[in-house]
Protein chains: 2
Amino acid sequence: MNTLSYGLLSLLTKNSRSGYELMQHIQPFWSAKHSQIYPLLAQLEQKGHVAFVHVPQSDKPDKKVYSITEQGKDALRGWIAEPTDEPVTRDELALKVYCIGLVDKEQAKKMLAVRELYYKKKKERFNLLMDKIQQGSEKPLDQLDIGDDAFGMYVLVHKATMKVDTDLYWCEWMKEKLK
Amino acid sequence: MNTLSYGLLSLLTKNSRSGYELMQHIQPFWSAKHSQIYPLLAQLEQKGHVAFVHVPQSDKPDKKVYSITEQGKDALRGWIAEPTDEPVTRDELALKVYCIGLVDKEQAKKMLAVRELYYKKKKERFNLLMDKIQQGSEKPLDQLDIGDDAFGMYVLVHKATMKVDTDLYWCEWMKEKLK
DNA sequence: TGTTTATATGTCAATAATGACATAAAGGAG
DNA sequence: CTCCTTTATGTCATTATTGACATATAAACA
């Protein structure tokens, strides 16, 4: 089983979700298209790690809502115990910045402005996410501990927020450099 | 041509390098194995974007040293002008942390300690890199501008250092949370 | 003298991931 | 009533990436 399969199981420990919802919610942690997720869900179902029910909807098309099974949770615990792969980042902008001297300052500024906007939107999404986590929690977020359901999500969104702030700080610093 | 091909061309704008060296030096910005790089170099050579010479070595096996051609530089400029893909990060640890409540606090701490060590080693490598950039530059690094050869590398290593500091800060914060 | 490690280049099968194509239901805009 | 968007699920060809296999040189180490 690949990492994304375990990632889907991870999400399902908190909520039962459709493939479409899983695709949306896994994005901050692992980028994947629906064309990768649907076949994996079918595999997981065949192995007995998840089960699904058809859920009719009146306002939207019907969906298949998946839940994790006890067997799935066991698989998950086994995976967590294994050594963790190192993170992989691939950023086309970094490669472009490396040889930024090939183009003029104006083009460079424009390129970085586009990326800055991307980071700002990302930050906005994390802020909304954090609000949503707070709304679903009885405790104030900074009092959550490992036993609380929202703990994992909270600490990850906190990390993501810190990192995007760092990215934005770098963009500001770059604007000074390119002045 | 894929992004990695342009990445290889980007590196070659600064130095002529062998495939092996390219593999080592592109790691901080784009993770790739030699089995992906060698075929791409052969492609780039066929297209006339790079040229190579055989360089005999007495202390080590002989190597093929690639240089970017004018045609390759034109291709690069065209690529930089195109819209830039959004960055992709895939971090298995994030998926594990999401459902960290499945395992006990001790196992969670151990997992994060391994990652913290990884970040510390990474930071050390960036510090050494920054020293090396300074040694190769006449100006103090904070006075470099877009026209200087080392500018791109400098601003990228600066970014990477800031980000790994953020990661380490998060690790410290997590240790408090798991106390 | 044999073993391991780093350097160096390559191929190829398998896996991971994307992009294009396909279908369909429901809501909203015009 | 038609077009567009969002939700929803799926397949399939292509591309990207990895991991295994293969070979060779030279240094370091035992």
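Letters go in sequence order (proteins before strands), and every chain restarts at 1.
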(request) Report yes if a side-chain nitrogen or oxygen of B:Q24 is closer than 4.0 Å to either non-bridging phosphate oxygen (OP1 or OP2) of C:dA6; otherwise report no. (result) no

(request) Would you tell me if any nitrogen or oxygen in the side chain of A:K64 comes within less than 4.0 Å of OP1 or OP2 on D:dT9? (result) no

(message) If you assign A:Q57 and B:R90 each to the DNA chain C nucleotide with the nearest heavy atom, which residue ends up on the more 5' nucleotide?
(response) B:R90

(request) Find the distance A:Q46:CD to D:dG10:P and express it as a whole number of Å. (result) 12 Å

(message) Under 4.0 Å from OP1 or OP2 of D:dT17: is there any side-chain N or O of B:Q36 that close?
(response) yes

(request) Examine A:K63 relative to A:Y20 and say whether NZ or CZ is less than 6.0 Å from the centre of the six-membered ring and inside a 45° cone about the ring axis. (result) no

(request) Answer with base, sugar-phosphate or nothing: what part of the nucleic acid does A:S18 contact at a heavy-atom distance below 4.0 Å? (result) sugar-phosphate

(message) Could you tell me how far apart B:L44 (CG) and C:dG10 (P) are, to the nearest whole angstrom?
(response) 13 Å

(message) Quick one about B:K96 and A:T84 (side-chain donor to acceptor, distance below 3.5 Å, no hydrogens or angles considered), yes or no?
(response) yes

(request) Before accepting this row, confirm whether a basic side-chain N of the pair A:D142/B:K177 lies closer than 4.0 Å to the acidic partner's carboxylate O. (result) no

(message) Tell me the interatomic distance from A:L22, atom CG, to D:dG10, atom C1', rounded to whole angstroms.
(response) 15 Å

(message) Using whole Å, what does the distance between atom C1' of nucleotide C:dA8 and atom CZ of B:R17 come to?
(response) 15 Å

(request) Using a strict cut-off of less than 4.0 Å between a Lys/Arg side-chain nitrogen and an Asp/Glu carboxylate oxygen, indicate whether A:D167 and B:K159 qualify as a salt bridge. (result) yes

(request) Give the nucleotide from the list D:dT11, C:dT9, C:dA25 with an atom nearest to the side chain of A:P61. (result) C:dA25

(message) On DNA chain C, compare the nucleotides closest to A:S31 and A:D62; which residue's is nearer the 5' end?
(response) A:S31

(request) Give the rounded distance in Å between these two atoms: OH of A:Y38 and P of C:dA17. (result) 18 Å

(request) Measure from the side-chain heavy atoms of A:K60 and tell me the nearest of D:dG10, D:dT17, D:dA8. (result) D:dA8

(message) In this structure, how many angstroms lie between the C1' atom of C:dT7 and the OH atom of B:Y20, rounded?
(response) 5 Å

(message) How many whole angstroms separate atom CD1 of B:I37 from atom P of C:dT9?
(response) 11 Å

(request) May I ask you to say what A:A32 touches in the nucleic acid, namely base, sugar-phosphate or nothing, with a heavy-atom cut-off under 4.0 Å? (result) sugar-phosphate

(request) Name the closest nucleotide to the B:S35 side chain, picking from D:dT7, D:dA20, C:dA20. (result) D:dA20

(request) Measure from NE2 on A:H54 to C1' on D:dA8 and round the result to the nearest Å. (result) 12 Å

(message) Quick one about A:E92 and B:W79 (side-chain donor to acceptor, distance below 3.5 Å, no hydrogens or angles considered), yes or no?
(response) yes

(request) State which of C:dA16, C:dA17, D:dT17 makes the closest approach to the side chain of A:W30. (result) C:dA17

(request) State which of D:dT18, C:dT7, C:dG27 makes the closest approach to the side chain of A:D59. (result) C:dG27

